[in-house]
There are 2 protein chains.
Amino acid sequence: MVAHSLRARVRAGMIDEIKAVARRHLATDGANLSLRAVARDMGMVSSAIYRYFPSRDDLLTALILEAYDALGDAVEAADAAVDRADLRGRWHATCRAARSWALAHPAEYALLYGSPVPGYAAPDDTVAPASRPPLALVGILRDGLADGRLSPPDEELPEPVRADLAELAAGFSPGLPEPLLARGLAGWTQLFGLISFELFGRLNGVIPHRDEHFDHQTALMADLIGLP
Amino acid sequence: MVAHSLRARVRAGMIDEIKAVARRHLATDGANLSLRAVARDMGMVSSAIYRYFPSRDDLLTALILEAYDALGDAVEAADAAVDRADLRGRWHATCRAARSWALAHPAEYALLYGSPVPGYAAPDDTVAPASRPPLALVGILRDGLADGRLSPPDEELPEPVRADLAELAAGFSPGLPEPLLARGLAGWTQLFGLISFELFGRLNGVIPHRDEHFDHQTALMADLIGLP
DNA sequence: ACCTCGCGAGAGCAGTGCTCTCGAAACGGA
DNA sequence: TCCGTTTCGAGAGCACTGCTCTCGCGAGGT
């Protein structure tokens, strides 16, 4: 029992070390992670890696899962640190946390939200951690609605849009008005666009004051949503 | 003279054929374009390709340039097909054109707007064609402002944001009110996010009615901008 | 007619993901 | 304590990649 547990423990440590080295390579060399280079860095031969990860894609998947969780943690922690009633403050804190994490881990962000790797298909385990950031944003709307600080926009949605959003809301926040969810989705889409533009160099030579630009753009979306 | 021109012509044809084959490979195999595979498809040996493109990155750059122009053409044509005074119609047409092009050329879109290739740095020639889509959007705002159909939002911008936007506007539309440009930028950012989410599979199983969702989201941004 | 120069072929180098085999070491039960 | 089983790392090897270099052919221009 103890022996088996010991073996399992050293194995888990090995897996962690591989992931750590791989993450380091990711940060320096970009997305094209070389399994052989990782092995070399660990003083091992490349085939030994396959004792721990059946393929390079599985290593990437593990890194992706951890990255999603790291981003989710950062976002949720930022939201939790703000007074629950301060909806706008929570919105800004959440958006800023996502951006900060992305700037600190550009390669991992690109792995999560960049162009999908050709042969690679995201396993189902990724959808739950991947939805944590948008869920944090929607949580703000839900809370605001609950205590009356946020009133849903009064508008008619095209039926297919309304149906999709109702279905989407049913999973985590039944009864959330579809027009409000639509605007929240717009905010989330915009947030992703903002971060991607900045990270992928689209703002180079165009917007020098990144922080202020980001805050103002997210403020515009907060207005659209109706956050007080 | 004629002979030289003939030689040059067959060379240009060769370059075009290589690009065409490469584009086909891009469409089927995804972003990891294999120079050797392209050569194989043309009945050539890989080293022969280097007579026409000094490296794989240069081939990619050529494809990227053409893709930017194709997208720019599509967007501008869609805008031009709508009555100049119908600002909202132009907005929707432009957005839809960008999305349609992206859906028709997913790999090329990923090349343009996906995660940047690690070692690859975009040459300066790309910035002009790359700015055509956002310029088309801003053109709508400029026209609307000129004939009075569109009134700029009356708001104070944080000074750094205002300064950046003033600098940005100076190049192509001097005097364009910064608050309006800020909202236009938000629309452009959102548009990119919308297309990327859809193309990168983020909407799978969440939003079945893609067309309607897209139209509604872009309509929200048109509202934010103030398009009548 | 000669000679230059562009072009394609081929070999080769360093690197990649991945498979397979082999020997050693560690583990667990008798 | 001994012995079979399991686990692990090393090494060779395969098919592939981008890229360089050399060689020989044939068309172009003088």
Within the structure shown, what part of the strands sits under 4.0 Å from [X] by heavy-atom distance: base, sugar-phosphate, or nothing?
{"X": "A:Tyr52", "result": "sugar-phosphate"}
{"X": "B:Leu33", "result": "sugar-phosphate"}
{"X": "B:Met14", "result": "sugar-phosphate"}

Separation of [N] [atom2] from [X] [atom1] (nearest whole Å):
{"X": "A:Leu60", "N": "C:dG17", "atom1": "CG", "atom2": "C1'", "answer": "12 Å"}
{"X": "B:Arg9", "N": "D:dA27", "atom1": "CZ", "atom2": "P", "answer": "18 Å"}
{"X": "A:Met44", "N": "C:dG17", "atom1": "CE", "atom2": "P", "answer": "14 Å"}
{"X": "A:Arg11", "N": "D:dT7", "atom1": "CZ", "atom2": "C1'", "answer": "9 Å"}
{"X": "B:Asp58", "N": "D:dG18", "atom1": "CG", "atom2": "P", "answer": "13 Å"}
{"X": "B:Ile18", "N": "C:dC7", "atom1": "CD1", "atom2": "P", "answer": "10 Å"}
{"X": "A:Glu17", "N": "D:dG9", "atom1": "CD", "atom2": "P", "answer": "11 Å"}
{"X": "A:Asn32", "N": "C:dA14", "atom1": "CG", "atom2": "P", "answer": "20 Å"}

Is B:Arg51 side chain donor-acceptor paired with the C:dG6 base, going by distance under 3.5 Å alone?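 Side chain to base: no pair present.
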
Nearest-nucleotide 5' precedence on DNA chain D, B:Ser46 against A:Arg36: A:Arg36

Starting the side chain at C-beta, find the nucleotide from C:dA9, C:dC27, D:dC19 nearest to B:Leu35. D:dC19

Please determine, for the side chain of B:Ser34, which listed nucleotide (D:dA10, D:dT17, D:dT20) has the closest atom?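 Of the candidates, D:dT17 comes closest.
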
Taking atom types as modelled, is there a side-chain donor on B:Asp58 or B:Ser55 under 3.5 Å from an acceptor on the other?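 Side chains of B:Asp58 and B:Ser55: pair found under 3.5 Å.
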
With no hydrogens and no angle check, just 3.5 Å: does a side-chain donor-acceptor pair link A:Tyr109 and A:Ser196?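 Distance-only check passes for A:Tyr109 and A:Ser196.
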
A:Asp211 and A:Arg96: salt bridge (charged side-chain N to carboxylate O under 4.0 Å, His left out), yes or no, with the steps? CA-CA 9 Å; A:Asp211 294 357; A:Arg96 286 202 194 109; over 6 Å; no

For [N], does either OP1 or OP2 sit under 4.0 Å from a side-chain N or O belonging to [X]?
{"X": "B:Arg56", "N": "D:dG18", "answer": "yes"}
{"X": "A:Ser47", "N": "C:dC18", "answer": "no"}
{"X": "A:Arg40", "N": "C:dT16", "answer": "yes"}

If you count heavy atoms of other groups shown closer than 6.0 angstrom to CD of A:Glu167, is the number above 12? no

B:Asp164 side chain vs A:Ile207 backbone, donor-acceptor pair below 3.5 Å: no

